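For clarity, every value in this text was computed on a predicted model and none was experimentally measured. Numbers restart at 1 for each chain; the letters A, B, ... are given by sequence-line order, proteins then strands.
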There are 2 protein chains.
Amino acid sequence: MTAEEISEDPSPRIPLSRERVLGSAVAIADADGIGALTMRSLARELGVKPMSLYYYVANKGEILDAIIDMVFAEIDVPSVVGDWKGEMRRRAGAVRQALGRHTWAIGLLESRTAPGPATLRHHDATLGVLRTAGFSVKAAAHAYALLDSYTYGFALQEAALPFSGRDTAASVTDPIVQMFSAGDYPHLMEIATEHVLQPGYDFGDEFEIGLELILDALQRWIPETEDGPKSAAPAG
Amino acid sequence: MTAEEISEDPSPRIPLSRERVLGSAVAIADADGIGALTMRSLARELGVKPMSLYYYVANKGEILDAIIDMVFAEIDVPSVVGDWKGEMRRRAGAVRQALGRHTWAIGLLESRTAPGPATLRHHDATLGVLRTAGFSVKAAAHAYALLDSYTYGFALQEAALPFSGRDTAASVTDPIVQMFSAGDYPHLMEIATEHVLQPGYDFGDEFEIGLELILDALQRWIPETEDGPKSAAPAG
DNA sequence: GAGCTTATCTTACATAGTACGAAAATGCGA
DNA sequence: TCGCATTTTCGTACTATGTAAGATAAGCTC
């Protein structure tokens with residue numbers, strides 16, 4: 001009996017596959033940032049040599065396109081049954097959370113303009129909910145641009161913040177306050193001390209506030225609901 | 001007389017400087033994308049050898065931080081005199097245009113979390129306008145998060161679109177329509193044929209529509225204006 | 001000029017993506 | 001079981017990147 005027959009060696013027992021390659025790519029980007037995702041680090045993670053990856057992907061750009069689509073695949077598609085507001089609220093939150101788990105995806109969105117099938121399915125389903133809710137084609141386009149701009153932009157701001165979550169440690173806030181206390185930036189100082197640095201503050205809480213404002217205003221774009229006013233949709 | 005004395009040789013006559021280094025960095029990123037911005041391409045552009053750059057910047061990361069700040073420096077700071085809505089409208093448009101000229105800045109915002117002085121001054125001035133307009137500290141924070149999320153997100157979507165401007169050439173729209181026409185994505189198909197692909201369409205026009213909706217709704221967060229209703233600010 | 005400061009460049013190294021083609025593993029018909 | 005074709009993995013090598021370490025050059029002051 002040879003060694004291979006006795007014990008399963010730790011080598012690539014599970015066969016390589018496109019799914020495994022892309023899954024590890026996401027894992028590396030999540031753990032150490034998109035900059036740490038190299039063909040070599042990816043191969044190492046999979047217990048394989050770099051050039052083996054090229055049997056499953058044409059090049060690194062294809063990996064980047066694919067992992068963006070994987071992020072969208074994580075997001076449950078909204079449903080046409082149920083109230084549109086609730087669905088849009090749920091969807092926006094899910095997008096924000098997905099982009100929060102994979103902040104690198106936000107940066108990639110700017111440079112990679114080849115949407116994958118999951119991304120397209122997501123957009124299609126979302127538009128479907130709006131159309132079913134009574135938005136005209138134009139109004140649905142306006143509404144979707146507005147909702148997604150807000151959601152992506154919020155996720156971008158969250159990613160750009162030097163802190164996240166509730167009650168940031170003083171070790172990270174102190175240098176910032178120090179920077180403001182020179183007297184330039186009085187309004188930033190005010191908002192920091194009176195709002196952001198208060199116990200229990202979480203920037204993420206701002207999301208629902210803006211979202212509700214948008215959803216409430218969008219409601220008025222739906223023409224002649226049973227109990228609502230007539231259309232107030234913009235001319236565009 | 002030596003050659004140097006007779007004619008000005010095409011070599012680095014204008015001395016290198018931090019400003020020149022950063023200016024060329026922006027120019028390269030604008031022209032060929034942030035990926036084309038390398039220490040070597042930057043040196044070549046300046047008629048200099050790569051290591052000379054390190055006399056003016058500590059490393060490439062410092063260049064990236066600095067050119068983000070240069071983008072914000074391009075944006076005229078809003079003024080507390082004049083109506084807040086007009087100022088916010090003007091500012092949002094200016095931010096969108098600046099990010100449109102330098103789309104790479106959007107992607108950089110996600111990864112680089114060290115705001116420069118122009119960026120801070122911009123944020124400070126914007127908050128100042130909102131506070132002066134009557135927004136409470138909390139309401140100003142909410143409003144600013146909302147306005148900037150929308151603006152950044154819209155710029156991100158514009159950058160991610162495979163087309164831009166009015167009346168996109170059929171050569172670029174045809175493959176997209178082809179992709180939709182298989183029958184998956186019926187709502188994308190609908191919105192494409194009935195709205196996006198109509199003559200004269202420009203995604204950029206959607207910006208003002210969403211912006212007006214937001215500004216109108218924000219107005220109701222200002223407590224007791226002379227002629228307006230009382231505060232309708234959220235509890236947060 | 002000498003010597004000090006400021007500015008630029010040479011060389012070299014580790015790490016990146018990937019072209020090219022060899023090698024190994026696998027599956028299959030006889 | 002053998003032979004062979006297909007599928008999968010890998011070795012080598014090339015070009016490009018950021019930048020450390022230190023040599024060199026240019027400019028200024030006495």
Side-chain angles (χ1 to χ4, degrees), chain A residues 2-5 7-26 28-29 31-68 104 107-108 111-112 114, chain B residues 1-5 8-26 28-29 31-68 104 107-108 111-112 114:
Chain A
T2 68
E4 284 88 349
E5 288 168 297
S7 67
E8 28 230 310
D9 53 351
S11 308
R13 292 172 300 119
I14 348 171
L16 218 46
S17 68
R18 186 167 224 264
E19 287 66 39
R20 249 162 60 73
V21 169
L22 298 178
S24 289
V26 170
I28 290 173
D32 304 315
I34 196 75
L37 174 60
T38 70
M39 299 305 276
R40 288 168 159 90
S41 69
L42 184 49
R44 205 177 314 123
E45 173 89 8
L46 289 161
V48 122
K49 293 299 155 64
M51 289 312 288
S52 302
L53 304 173
Y54 288 90
Y55 188 76
Y56 299 96
V57 295
N59 48 47
K60 187 175 175 179
E62 196 175 289
I63 295 182
L64 298 180
D65 286 335
I67 62 178
I68 293 180
W104 42 265
L108 286 186
S111 51
R112 319 235 108 231
Chain B
M1 275 185 175
T2 68
E4 283 89 348
E5 288 167 299
E8 29 230 311
D9 52 352
S11 309
R13 293 171 300 116
I14 346 171
L16 218 45
S17 68
R18 186 167 225 265
E19 287 64 41
R20 250 163 61 74
V21 168
L22 298 178
S24 290
V26 169
I28 291 172
D32 304 315
I34 197 75
L37 174 59
T38 69
M39 298 305 276
R40 287 169 160 90
S41 70
L42 184 49
R44 204 177 313 122
E45 174 88 8
L46 288 160
V48 121
K49 293 298 156 64
M51 289 310 290
S52 302
L53 304 173
Y54 288 90
Y55 189 76
Y56 300 96
V57 294
N59 48 48
K60 188 175 175 179
E62 197 175 289
I63 295 182
L64 298 180
D65 285 335
I67 61 179
I68 293 180
W104 43 265
L108 285 186
S111 50
R112 319 236 108 231

>> With a 3.5 Å distance limit and no angle check, can you tell me whether B:Asp32 reaches the backbone of B:Gly35 through a side-chain donor-acceptor pair?
In response: no
> Atom OH of A:Tyr54 to atom C1' of D:dT8: distance rounded to whole Å?
Replying inline: 16 Å
>> For a side-chain contact (heavy atoms from CB on, under 4.5 Å) check, start with the C-alpha distance between B:Trp104 and B:Leu64, then their side-chain angles and the critical distance, and finish with the verdict.
In response: CA-CA 10 Å; B:Trp104 43 265; B:Leu64 298 180; over 6 Å; no
> With respect to the side chain of B:Tyr55, which nucleotide from C:dT6, D:dA21, C:dA16 is positioned closest?
Replying inline: C:dT6
>> Between C1' on D:dC10 and CG on A:Leu42, what's the gap in Å once rounded to a whole number?
In response: 15 Å
>> Is any side-chain heavy atom of B:Arg18 closer than 4.5 Å to one of B:Val21?
In response: no
>> Taking the nucleotide of DNA chain D with the nearest heavy atom to each, does B:Met51 or B:Lys60 sit closer to the 5' end?
In response: B:Lys60
> Which whole-number value in Å describes the distance from A:Leu64 CG to C:dG17 P?
Replying inline: 10 Å
>> Whole angstroms only, please: what is the CG-C1' distance between B:Asn59 and D:dT17?
In response: 14 Å
> If every non-hydrogen atom of A:Ile63 is compared with every non-hydrogen atom of A:Ala25, which pair is closest and at what distance?
Replying inline: CG2-CB, 3.8 Å
> To the side chain of B:Thr38, which of D:dT8, D:dG18, C:dT8 is closest?
Replying inline: D:dG18
> For the helix from C:dG1-D:dC30 to C:dG29-D:dC2, what is the angle between the axes at its two ends, each from 5 pairs, rounded to 10°?
Replying inline: 10°
> If you look at every strand shown and take non-hydrogen atoms under 4.0 Å, does A:Ser52 touch a base, only sugar-phosphate, or nothing?
Replying inline: base
> What nucleotide among C:dC9, C:dT18, D:dT9 has an atom nearest to a side-chain atom of A:Leu16?
Replying inline: D:dT9
> B:Met39 has a side chain; which of C:dC9, C:dT18, D:dG18 sits nearest to it?
Replying inline: D:dG18
>> With side-chain contact (heavy atoms from CB on, under 4.5 Å) as the criterion, how do B:Ile67 and B:Ile34 come out once you've worked through the C-alpha distance, each side chain's angles and the decisive distance to 0.1 Å?
In response: CA-CA 11 Å; B:Ile67 61 179; B:Ile34 197 75; 4.2 Å; yes
> Would you find a donor on one side and an acceptor on the other, under 3.5 Å apart, between the side chain of B:Arg20 and the backbone of B:Pro15?
Replying inline: yes
>> Whole angstroms only, please: what is the NZ-C1' distance between A:Lys49 and C:dT18?
In response: 17 Å
> How do A:Ala58 and A:Ser41 order along DNA chain C: which one's closest nucleotide is nearer the 5' end?
Replying inline: A:Ser41
>> Using the side-chain heavy atoms of A:Tyr56, tell me which of these nucleotides is nearest: C:dG17, D:dT9, C:dT8.
In response: D:dT9
>> Output the rounded distance in Å from CG (B:Leu53) to P (C:dT6).
In response: 20 Å
>> Main chain of A:Gly61, side chain of A:Arg112: is a donor-acceptor contact present, judged purely on distance under 3.5 Å?
In response: yes
> Could you state the CZ-C1' distance from B:Arg40 to C:dA16, rounded to the nearest angstrom?
Replying inline: 12 Å
